[in-house]
Amino acid sequence: MDLNNETLLDIHLRMVRIRTFETEAGKMAEAGKIPGALHLYVGQEAVAGGIMAHLSNDDWITSTHRGHGHLIAKGGEFGKMFAELYGRATGYCKGKGGSMHISNMQLGMLGANGIVGAGPPIAVGAAFSIKYRNAPNVAVTFFGDGASNEGSFHEAANMAALYKLPVLFVCENNGYGEYTAQANHQAIVDVADRAAGYGMPGVVVDGMDAIAVYEATAAAIERAKEGLGPSLLECKTYRFFDHVGVRGMGLSYRTDDELAEWQKRDPILIFEVRLAELGVLSEAQAKEIHEKVLADVKEGIEFAEASPMPNPDSLLEDVYA
């Protein structure tokens with residue numbers, strides 16, 4: 001597939017926005033400014049960046065407990081995102097969703113979710129609506145390797161395949177279900193193998209390569225829009241920070257050597273080298289982009305910290321549709 005320079009730079013910007021937001025969010029959490037658990041997306045940016053470059057606000061997504069990256073890549077505003085993490089009234093969910101339950105209907109974000117495997121059935125419902133309305137859109141559901149063991153994933157995959165719904169199942173396989181290595185919770189190596197049981201394509205992609213993700217997504221979306229049904233895309237990726245926060249709970253479940261090997265394949269650095277080779281983005285231009293995004297993120301943090309706490313009287317507002 002031929003990618004024009006505009007698309008390549010668009011993917012790059014989405015990835016840098018995620019990395020910068022998440023890195024600064026981690027610092028704020030360690031400083032005690034963000035309450036509760038914070039599941040950071042650093043290391044997995046090529047997945048969200050490569051996929052969201054295909055989607056409009058009329059395409060629906062469902063996310064996971066590690067969902068900041070998905071909303072940021074889909075056009076989320078830094079200020080509203082930080083305000084939500086801070087539990088402030090100006091956040092996307094008025095401070096009621098926090099880190100794991102961010103949603104925004106205007107962006108087509110049906111919600112991050114603290115329940116493992118809860119996203120696929122919701123995305124299948126959205127895809128059913130798309131097909132029923134004969135709309136030219138798709139639904140995408142993100143989940144991890146651990147979630148692919150859940151009944152909710154299998155029920156959703158079965159229904160999507162049966163009715164040939166325009167939905168893309170994206171497994172962000174970062175090798176760990178919380179603190180458990182994939183080999184200790186699954187008898188298979190590739191989650192994509194599970195697609196065969198539902199008569200849909202299952203594709204394994206290098207989740208550290210944004211272009212590979214973009215191209216695989218293009219094929220899956222084309223299939224969905226032609227009425228041929230869902231696909232399962234397994235992106236082999238890795239989270240650079242711990243399961244929760246930056247340093248997590250200090251559990252020894254992966255080695256420093258393993259982390260170092262994956263960090264050599266930093267998706268943003270790899271992509272920037274490739275863009276430089278193509279003459280699309282110089283080192284100086286990349287630095288300028290990083291600095292501009294960091295300034296925007298800092299501004300978002302200032303917005304959040306200056307925002308009011310929710311009024312207790314608003315507790316029961318927006319609970320029901």
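Just so you know, these numbers come straight off a predicted model, no measurement behind them. Numbers here simply count residues along the sequence, with the first being 1.
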Original post:
Which atoms form the tightest heavy-atom contact between V244 and H39, and what is the distance?
Top reply: CG2-NE2, 3.5 Å

Original post:
Take atom CD in E299; do more than 12 heavy atoms of anything else shown fall under 6.0 Å from it?
Top reply: no

Subject >> Same apolar cluster: F142 and M15, side chain cutoff 4.5 Å >> reply: yes

Subject >> Rounded distance [0.5 Å steps], OG1 in T141 versus CG in L168 >> reply: 9.0 Å

Subject >> From S99 atom OG to L38 atom CG, the distance as rounded to the nearest 0.5 Å >> reply: 4.5 Å

Subject >> K27 bridged to E24 by N-O distance under 4.0 Å >> reply: yes

Using atom types as modelled, flag every donor-acceptor pair under 3.5 Å from a side chain in residues 216-233 to any protein atom, sequence neighbours excluded.
from, atom 1, to, atom 2, distance (Å)
T217, OG1, V213, O, 2.7
R223, NE, P230, O, 3.2
R223, NH2, L228, O, 2.9

Subject >> Residue pair I34 / A25: nearest heavy atoms and the distance that separates them >> reply: CD1-O, 3.7 Å

Original post:
Is the distance between the ring centroids of Y176 and H243 under 6.0 Å?
Top reply: no

Original post:
F21 and F82: aromatic ring centres closer than 6.0 Å?
Top reply: yes

Original post:
What do the steps show when you test F78 against I72 for side chain to side chain contact (heavy atoms under 4.5 Å, CB included), and what is the final call?
Top reply: CA-CA 8 Å; F78 292 142; I72 289 292; 3.7 Å; yes

Original post:
Would a hydrophobic clustering, with Ile, Leu, Val, Met, Phe, Trp and Tyr connected at side-chain separations under 4.5 Å, put I130 with M159?
Top reply: no

Original post:
Would you find a donor on one side and an acceptor on the other, under 3.5 Å apart, between the side chain of E150 and the backbone of G117?
Top reply: no

Original post:
Considering only heavy atoms from C-beta outward, does the side chain of K298 approach that of L294 to under 4.5 Å?
Top reply: yes

**OP:** Report the distance from atom CG of L13 to atom NZ of K292, rounding to the nearest 0.5 Å.
**Re:** 9.0 Å

Original post:
Does a side-chain heavy-atom distance below 4.5 Å link I11 with F271?
Top reply: yes

Original post:
When you look at Y238 and E258, which way does the side chain to side chain donor-acceptor pair (under 3.5 Å) test go after all the steps?
Top reply: CA-CA 10 Å; Y238 198 82; E258 176 183 300; 2.6 Å; yes

Subject >> Listed partners of R14 passing salt bridge (Lys or Arg N to Asp or Glu O under 4.0 Å), at least two apart >> reply: D10

Original post:
Roughly how far, to the nearest 0.5 Å, is NZ of K287 from CG of L281?
Top reply: 13.5 Å

Subject >> Single-linkage hydrophobic cluster, 4.5 Å side-chain cutoff, M100 and Y179 together >> reply: no

List the atom pairs, with distances to 0.1 Å, where a side-chain N or O of residues 310-321 and a protein N or O form a donor-acceptor pair under 3.5 Å, not counting sequence neighbours.
from, atom 1, to, atom 2, distance (Å)
N311, OD1, D313, N, 2.8
S314, OG, N311, O, 2.6
D318, OD2, K94, NZ, 2.9

Original post:
Any side-chain heavy atom of L165 within less than 4.5 Å of one from Y132?
Top reply: no

Original post:
How close do T62 and P120 get, heavy atom to heavy atom, and via which atoms?
Top reply: OG1-N, 4.3 Å

Original post:
Does the side chain of F169 reach to within under 4.5 Å of the side chain of F153, using non-hydrogen atoms?
Top reply: yes

Original post:
Rounded to the nearest 0.5 Å, how far apart are CG of L275 and CD of Q285?
Top reply: 10.0 Å

Subject >> Exam field: side chain Y92 to backbone E77, donor-acceptor pair closer than 3.5 Å >> reply: yes

Which side-chain N or O atoms in residues 42-51 pair as donor and acceptor under 3.5 Å with protein atoms at least two apart or in another chain?
from, atom 1, to, atom 2, distance (Å)
Q44, OE1, N174, ND2, 2.9
E45, OE1, R19, NH2, 3.1
E45, OE1, G43, N, 2.9
E45, OE2, R19, NE, 2.6
E45, OE2, R19, NH2, 3.4
E45, OE2, G43, N, 3.2

Original post:
Would R265 and D209 pass as an ion pair if we require N to O under 4.0 Å?
Top reply: no

Original post:
If you measure from the Lys or Arg side-chain nitrogens to the Asp or Glu carboxylate oxygens, is any gap between E261 and K264 under 4.0 Å?
Top reply: yes

Original post:
Are any side-chain N or O atoms of R88 and backbone N or O atoms of G95, one a donor and one an acceptor, separated by less than 3.5 Å?
Top reply: no

Original post:
Are K74 and D59 ion-paired here, with the side-chain N under 4.0 Å from a carboxylate O?
Top reply: no

Subject >> Sole residue of H70, H68, H101 in side chain to side chain donor-acceptor pair (under 3.5 Å) with S63 >> reply: H70

Original post:
Is V124 reachable from I122 through a run of I, L, V, M, F, W or Y residues, each pair having side-chain heavy atoms under 4.5 Å apart?
Top reply: no

Original post:
How far apart are the C-alpha atoms of K33 and Y86, what are their side-chain angles, what is the distance that settles it, and do they pass the side chain to side chain contact (heavy atoms under 4.5 Å, CB included) test?
Top reply: CA-CA 7 Å; K33 294 186 176 183; Y86 273 65; 3.8 Å; yes

Original post:
Quick check: does any side chain N or O of S103 sit under 3.5 Å from a backbone N or O of G111, one acting as donor and the other as acceptor?
Top reply: no

Original post:
With a cut-off of 6.0 Å (strictly less than), are more than 12 heavy atoms of other residues, nucleotides or ligands near CD of E288?
Top reply: no

Original post:
Do any N or O atoms from the side chain of D266 and from the backbone of I268 form a donor-acceptor pair under 3.5 angstrom?
Top reply: yes

Subject >> side chain to side chain donor-acceptor pair (under 3.5 Å) contacts touching residues 152-170 (sequence neighbours left out) >> reply: H154-Y198

**OP:** Quick one: do H290 and E272 satisfy side chain to side chain donor-acceptor pair (under 3.5 Å)? Show the steps, please.
**Re:** CA-CA 12 Å; H290 282 272; E272 288 179 346; 2.7 Å; yes

**OP:** Could you tell me which non-hydrogen atom of V170 sits nearest to which non-hydrogen atom of C235, and how far apart they are?
**Re:** CG1-SG, 4.2 Å

**OP:** Hey, could you give me each pair passing side chain to side chain donor-acceptor pair (under 3.5 Å) that has a residue in residues 180-196? Not counting sequence neighbours.
**Re:** D145-H185, S148-Q186, S148-R194, N149-H185, N149-Q186, N149-R194, N173-Q182, Q182-Q186, D190-K236

Subject >> For the student: nearest non-hydrogen atoms of A212 and D206, plus distance >> reply: CB-O, 4.3 Å

Subject >> Heavy-atom check, side chain of I61 versus side chain of L110, under 4.5 Å >> reply: no

**OP:** Take L3 and I211 through the side chain to side chain contact (heavy atoms under 4.5 Å, CB included) test and state the conclusion after the steps.
**Re:** CA-CA 9 Å; L3 282 167; I211 293 179; 3.8 Å; yes

**OP:** Report yes or no: does E234 contribute a side-chain atom to a donor-acceptor pair with the main-chain N or O of V191 at less than 3.5 Å?
**Re:** yes

Subject >> I18 to A73 - nearest heavy-atom pair and separation >> reply: CD1-CB, 3.8 Å

Original post:
Is E84 paired with K96 through a side-chain N to carboxylate O contact shorter than 4.0 Å?
Top reply: no

**OP:** Starting from the C-alpha separation in whole Å, work towards a yes-or-no answer on side chain to side chain contact (heavy atoms under 4.5 Å, CB included) for T7 and Y214.
**Re:** CA-CA 10 Å; T7 300; Y214 181 89; 3.7 Å; yes

Original post:
Looking at side-chain heavy atoms only, is the closest gap between E172 and Y41 below 4.5 Å?
Top reply: yes

Subject >> Linked, directly or transitively: L71 and M28 (ILVMFWY side chains, under 4.5 Å) >> reply: yes

Subject >> Nearest-0.5 Å distance that lies between atom CZ in F143 and atom CG in N113 >> reply: 14.0 Å

